[in-house]
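Remarks on the structure that follows.
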Amino acid sequence: MKIEKLSLVYFSPTSTTGIVLEEIARGLGQESPMILDITRPDVRNQVAPVFENDVVLIGAPVYSGRVSKDAAEYLKTIKGSGSLAIVVVVYGNREFEDALLELKNIAVDSGFVVLAGGAFIGEHSFSDTEFSIAPNRPDEDDLEEAFLFGQKIASMLEGLERPEDILGVEVPGNFPYKDGMANGAFSFIDVTEDCDNCGICTAACPKEAIDEANGYLTIDERCIFCCACIKACPQQARIMKAGPMKNKAKWLSENCAQRKEPQTYLGLVNK
Ligand SMILES: Cc1cc2nc3c(=O)[nH]c(=O)nc-3n(C[C@H](O)[C@H](O)[C@H](O)COP(=O)(O)O)c2cc1C
Ligand code: SF4
Ligand code: SF4
């Protein structure tokens, strides 16, 4: 089987998921796949596509051991129509827990046949110069793993006559899933006087949660703590304030310092 059309669908506020998926695509021998980046809210508000006879690489970050909610909600509305999917979660070197299983199940329920899955590591959203957590990942070694994963999938497909011969992939995780992020707003970002009103944070926010008319303050009820605005701010004017999130970042930097490696899973085929 040859890949006729490869599509990438991902949610990636701080870009690590997108980077990993694009490298897997290169390993699959596809330099210019169709990319549906669902990070922006206006994209998620459009009608989701129907895929037919495609291979679709689906990616989302892990939030509290689960697929990030905004990604999950959107992905439940796309239609696979029997297309093949590769599911990938990217996590910040703590654990991915039930996220990969959840993403696989979402893809199956949306009508995909899932032929492979992977969990890769990206710099933690809460990581900064004070408390670094998996800084600069995915790094060269991660990207090589991503490329090789793509190559392995490509050779698996080459040996296949028909998509019906794919029996699906087993990935780790438990069902019922663990509880995800608790709902509830709290304020965790300060905007300092270094802010020059450039608006870059607003463009980076996946939740329209920044109030331009009010000193670029965060609208806490909408915020998902993704930290895209903090990482995007060229003036370092958006900072995590002292409190539970900062404490969590400190805890993660102390307790999740040991490097984790990407894990990949290939499906079984009927020979
Ligand atoms: C609210 C929230 C919860 C997170 N929960 C986890 C987690 O349970 N385990 C983990 O290892 N990383 C966790 N992370 C880190 C992200 O999974 C990681 O930084 C990922 O690379 C972000 O993907 P992106 O760059 O595509 O946005 C969390 C990040 C956020 C914002
Ligand atoms: S990106 Fe930074 S400097 Fe620009 S508006 Fe936002 S907070 Fe202000
Ligand atoms: S305001 Fe909240 S949701 Fe928007 S980018 Fe910042 S952390 Fe993410």
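Both ligands and their constituent atoms are indexed starting at 1 by order of listing. Sequence positions, counted from 1, serve as the residue numbers for this chain. Just so you know, these numbers come straight off a predicted model, no measurement behind them.
The shortest heavy-atom distance from A204 to ligand 3 is not under 4.0 Å. For the ligand labelled ligand 3, residue C201 lies outside the 4.0 Å heavy-atom shell.
Distances between N or O atoms of M181 and those of ligand 1 include no value under 3.5 Å. Annotation: S12 places an N or O atom under 3.5 Å from an N or O atom of ligand 1; distance criterion only. By the 3.5 Å distance cut-off applied to N or O atoms, P61 is not counted among the residues near ligand 1. Inclusion of T16 in the set of residues having an N or O under 3.5 Å from an N or O of ligand 1 is warranted. Of the polar atoms of F225, none of the N or O atoms is found under 3.5 Å from an N or O of ligand 1, judged by distance alone. An N or O contact shorter than 3.5 Å is missing between I224 and ligand 1 by distance.
Salt bridge annotation for K246-E130: present, with a cationic side-chain nitrogen under 4.0 angstrom from a carboxylate oxygen. Ion pairing of E261 with R259 is present here, as a side-chain N (NZ or NE/NH1/NH2) and a carboxylate O approach within less than 4.0 Å. A salt bridge links E254 with K250: the closest approach of a Lys/Arg side-chain nitrogen to an acidic carboxylate oxygen falls below 4.0 angstrom.
Only backbone heavy atoms of S15 (N, CA, C or O) come within less than 4.0 Å of ligand 1; its side chain stays farther off.
Using a 30° and 60° split on the angle between ring planes, F96 and Y91 fall in the tilted class, from 30° to 60°.
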